[in-house]
Amino acid sequence: MRKPLLNGTRAGAVFSSLLMLGACANTYSAEAPVSSGDDSLPVFSQERIRADLEFLADDMLEGRDTGSRGYRIAANYVAATFKQLGLKPGGDNGSYFQEVPFQTAKLDLESANITITNADGETTLSAGDDFFVSGSVKNPSGSADGEVVFAGYGIQAPELGHDDLADVNVEGKIVLIFNGAPNSFHTEIRAHYGSSATKAAALAKLGAKGVLTVSSASGEQRPNFSRFKRFLGRERYDWVLPEGGDGGPQIGLTATVRQSAAEKLFVGSGVTFEDTLQAFKEGKAKNIVLKSTVSMSRKSILSDEFTSPNVVGILEGSDPKLKSEYVVMSAHLDHIGLNPNAPGDDKINNGALDNASGTSIMMEVARAYVREGVRPKRSIIFAAVTAEEKGLLGAEYFATYPTVAKNKIIGNVNVDMPVLLYDFVDVIAFGSHRSSLGSVVDKAAAKIGIRLIDDPIPEQGIFTRSDHYRFVQQGVPAVFLATGFGVTPDGDNGGDIFRNWLGGGGYHSPRDQADLPINYKAGAKFGLINYLILKDIADADDAPTWNEGDFFGETFGK
């Protein structure tokens with residue numbers, strides 16, 4: 001059982017504050033967030049965004065960790081806001097909550113075993129020193145036995161002129177692969193193909209029994225494998241398949257091995273691991289059926305099942321035909337909770353910018369619609385999702401098992417960690433160049449004098465790292481906005497502020513709290529841009545479409 005985070009007195013104070021904030025929910029600032037000169041644009045309240053953010057980032061919620069009491073209080077707060085606005089409940093059983101069933105899995109260390117058999121005899125590897133493996137909710141007792149084949153990155157991408165599996169049969173085999181993906185791939189496509197989950201799913205479809213991953217770094221770049229040791233006992237979250245759910249083909253077990261362990265796999269094959277590594281770096285490596293066999297297994301220690309809700313409210317559309325189609329505006333409500341090992345006295349990761357800010361902006365967008373009194377043609381789903389910090393899990397569950405007809409979700413606008421520390425003059429829209437949403441974003445930004453710029457940090461692969469990507473994986477065009485990198489009216493360099501935030505300025509630390517110098521005017525402006533994007537999608541004659549030949553559209557499109 002999870003320990004309660006708040007006693008009854010503190011919880012009562014929280015809900016009293018919630019009701020007081022709810023009572024003033026219809027109070028809006030007279031100050032326009034931007035000087036667009038267009039009186040038809042709604043006014044977004046800086047004070048209202050601040051009030052929501054300060055509540056959601058309050059110490060009493062203790063960082064809104066998935067499944068915690070603090071997260072549940074935050075979810076109740078968002079649901080109360082949706083109810084007061086008159087949004088239709090979009091959760092389970094006429095409620096605002098889609099209860100996502102979770103478990104955590106922790107490795108049973110004593111059960112973890114990898115044994116290599118070759119011409120030199122039998123070698124048993126040591127967990128943490130020679131290999132790393134974790135527990136799994138969906139595959140708690142994993143095992144794999146068989147011959148080993150080396151297959152480069154383990155990637156089939158013939159559309160990119162790359163196929164590591166063209167001349168090797170992996171059925172019934174354990175596949176040894178290098179981590180990552182070719183640098184020649186576009187960064188977003190590289191992030192997709194380099195994902196261990198993507199590789200495991202593809203190899204499972206081809207009948208592979210297990211996967212061993214090894215670093216392709218050499219020389220001074222070789223990683224310190226011992227760093228994995230501290231992660232051996234870490235809990236992994238995952239949602240539980242509903243009764244009758246099909247998780248598709250599964251790999252028996254996936255593990256990461258040290259390079260010295262990989263060397264043992266090449267014994268008797270006529271080529272060494274070092275030779276193969278060098279050939280790989282020169283683009284000359286060949287697939288090899290190795291002379292070693294591997295037996296590997298592990299068990300997981302599973303927690304009791306618990307739930308953490310997505311909070312879903314629906315603004316019903318006005319068009320008799322189009323209202324059965326849905327545009328989803330999403331923002332993750334969770335953060336990473338308490339960190340007892342954080343330096344100093346403050347152990348609470350409040351998540352003010354990540355993502356109380358995004359949730360607060362989403363709620364203000366919903367208020368703008370209600371305040372304007374004009375419903376869009378299509379219906380809009382406002383979804384505050386859980387477990388983003390655990391692997392985009394709440395959004396994945398909703399996108400996989402939506403509370404409306406799945407084929408009627410036509411677009412997603414995601415708000416995650418807008419860095420509201422400066423008065424931005426431009427925006428980045430991850431995913432905008434992949435679908436017709438690009439022109440929608442460009443039009444919305446231009447309407448209030450904001451520029452749309454290209455991704456200035458492509459090396460981060462952000463397109464695959466937030467909740468919108470779970471909608472993309474279900475074939476839904478999606479866009480995710482971030483504050484841009486231009487020089488502000490005050491002369492600040494937006495890019496420097498953004499990079500500093502990600503690089504140690506507060507991201508995922510107790511410093512991400514409401515006493516940051518948050519620019520609420522920027523928050524109001526950011527809300528307005530997202531409102532205009534959402535409105536354009538909801539009122540358009542045609543649903544968004546993937547650009548012709550786009551990789552993600554071709555891979556996931558309906």
Side-chain angles (χ1 to χ4, degrees), residues 1-25 27 45-84 95-97 99-100 102 237 306-311 331-364 384-390 394 416-418 420 506-518 520 523:
M1 178 179 292
R2 293 176 176 271
K3 183 178 179 182
L5 296 181
L6 302 174
N7 61 36
T9 302
R10 296 294 297 281
V14 168
F15 282 108
S16 296
S17 298
L18 186 158
L19 292 172
M20 290 176 65
L21 284 171
C24 65
T27 303
S45 168
Q46 300 175 40
E47 290 80 4
R48 182 66 250 186
I49 293 171
R50 179 198 293 267
D52 287 336
L53 184 151
E54 289 181 348
F55 181 87
L56 294 174
D58 191 274
D59 279 356
M60 288 187 292
L61 275 64
E62 295 194 323
R64 308 187 308 278
D65 201 1
T66 298
S68 70
R69 190 178 182 191
Y71 178 84
R72 179 67 66 168
I73 291 170
N76 285 342
Y77 178 76
V78 175
T81 301
F82 287 172
K83 184 174 183 178
Q84 198 233 13
S95 76
Y96 290 97
F97 303 122
E99 297 288 351
V100 183
F102 287 104
Y237 285 68
F306 62 96
T307 64
S308 188
N310 294 325
V311 189
H332 77 87
L333 181 58
D334 66 301
H335 194 53
I336 58 176
L338 301 171
N339 179 9
N341 299 317
D345 296 330
D346 190 357
K347 310 297 183 183
I348 303 173
N349 296 289
N350 301 87
L353 291 183
D354 186 15
N355 184 40
S357 63
T359 304
S360 301
I361 285 169
M362 181 185 69
M363 289 194 290
E364 182 66 3
V385 296
T386 189
E388 188 270 353
E389 303 288 2
K390 309 302 185 188
D416 183 4
M417 200 180 75
L420 304 178
Y507 173 67
H508 277 200
S509 83
R511 295 192 302 279
D512 184 9
Q513 52 190 6
D515 65 358
L516 286 167
I518 296 172
Y520 288 98

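Just so it is clear, the structure is predicted and the values come from calculations on it, not from any experiment.
Considering every non-hydrogen atom in both A51 and Y77, the closest pair reads O-OH, 4.4 Å. Residues V385 and D334 share a closest heavy-atom pair of O-OD1, 3.7 Å. The nearest pair of heavy atoms linking A356 to L56 is CB-CB, 3.8 Å. For Y71 against P309, the heavy-atom pair with the smallest separation is OH-O, 2.6 Å. Scanning both residues, A75 and F97, for their nearest heavy atoms gives O-CE2, 3.7 Å. The two atoms that bring A342 and P510 nearest to each other are CB-CG, 4.0 Å, heavy atoms only.
Atom CE of residue M362 and atom CZ of residue F82 lie 4.0 Å apart, to the nearest 0.5 angstrom. S357 contributes atom OG, which lies 9.0 Å from atom OH of Y520 (distance to the nearest 0.5 angstrom). We find the CD-CD distance between Q513 and E54 to be 11.5 Å, quoted to the nearest 0.5 Å. In this structure, the separation between CZ on R50 and CD on Q46 is 8.5 Å, given to the nearest 0.5 Å. Atom NE2 of H332 and atom OG1 of T66 lie 10.0 Å apart (nearest 0.5 Å). With rounding to the nearest 0.5 Å, the separation of CD1 in I361 from CZ in R48 is 13.5 Å.
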| request: Go through the steps for V100 and T307 under the test side-chain contact (heavy atoms from CB on, under 4.5 Å), then give the verdict. | output: CA-CA 5 Å; V100 183; T307 64; over 6 Å; no
| After noting the C-alpha distance and the side-chain angles of H508 and D354, does the key distance pass the side chain to side chain donor-acceptor pair (under 3.5 Å) rule? | CA-CA 8 Å; H508 277 200; D354 186 15; 3.3 Å; yes
| said: I'd like to know whether I348 forms a side-chain contact (heavy atoms from CB on, under 4.5 Å) with L338, so could you lay out the CA-CA distance, the side-chain angles of the two residues, the decisive distance to 0.1 Å, and finally the verdict. | reply: CA-CA 5 Å; I348 303 173; L338 301 171; 3.5 Å; yes
| task | Begin with the C-alpha distance, continue with both residues' side-chain angles, and end with the deciding distance and a verdict on side-chain contact (heavy atoms from CB on, under 4.5 Å) for Y507 and M417. | result | CA-CA 10 Å; Y507 173 67; M417 200 180 75; 3.5 Å; yes
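With hydrogens and angles ignored, the 3.5 Å screen pairs no side-chain donor or acceptor of T359 with any backbone N or O of A384. Under a 3.5 Å cut-off, the side chain of N310 and the backbone N or O of T386 do form a donor-acceptor pair. Using a distance-only test at 3.5 Å, with no hydrogens or angles considered, no donor-acceptor pair links the side chain of D346 to the main chain of R511. Side chain of D512 to main chain of G506: no donor-acceptor pair is present (N/O by atom type, distance under 3.5 Å, no hydrogens or angles). A donor-acceptor contact shorter than 3.5 Å links the side chain of E364 to the backbone of S45.
The closest side-chain donor-acceptor pair between N350 and D59 falls under 3.5 angstrom. Residues H335 and N355 have side chains that never bring a donor and an acceptor to within less than 3.5 angstrom of each other.
Shown here is K347, whose NZ atom has more than 12 heavy atoms of other residues, nucleotides or ligands within 6.0 Å.
Counting heavy atoms from C-beta outward, I73 and F55 have side chains that approach closer than 4.5 Å.
With respect to the salt-bridge test (charged N to carboxylate O, under 4.0 angstrom), the residues R64 and D58 do not qualify.
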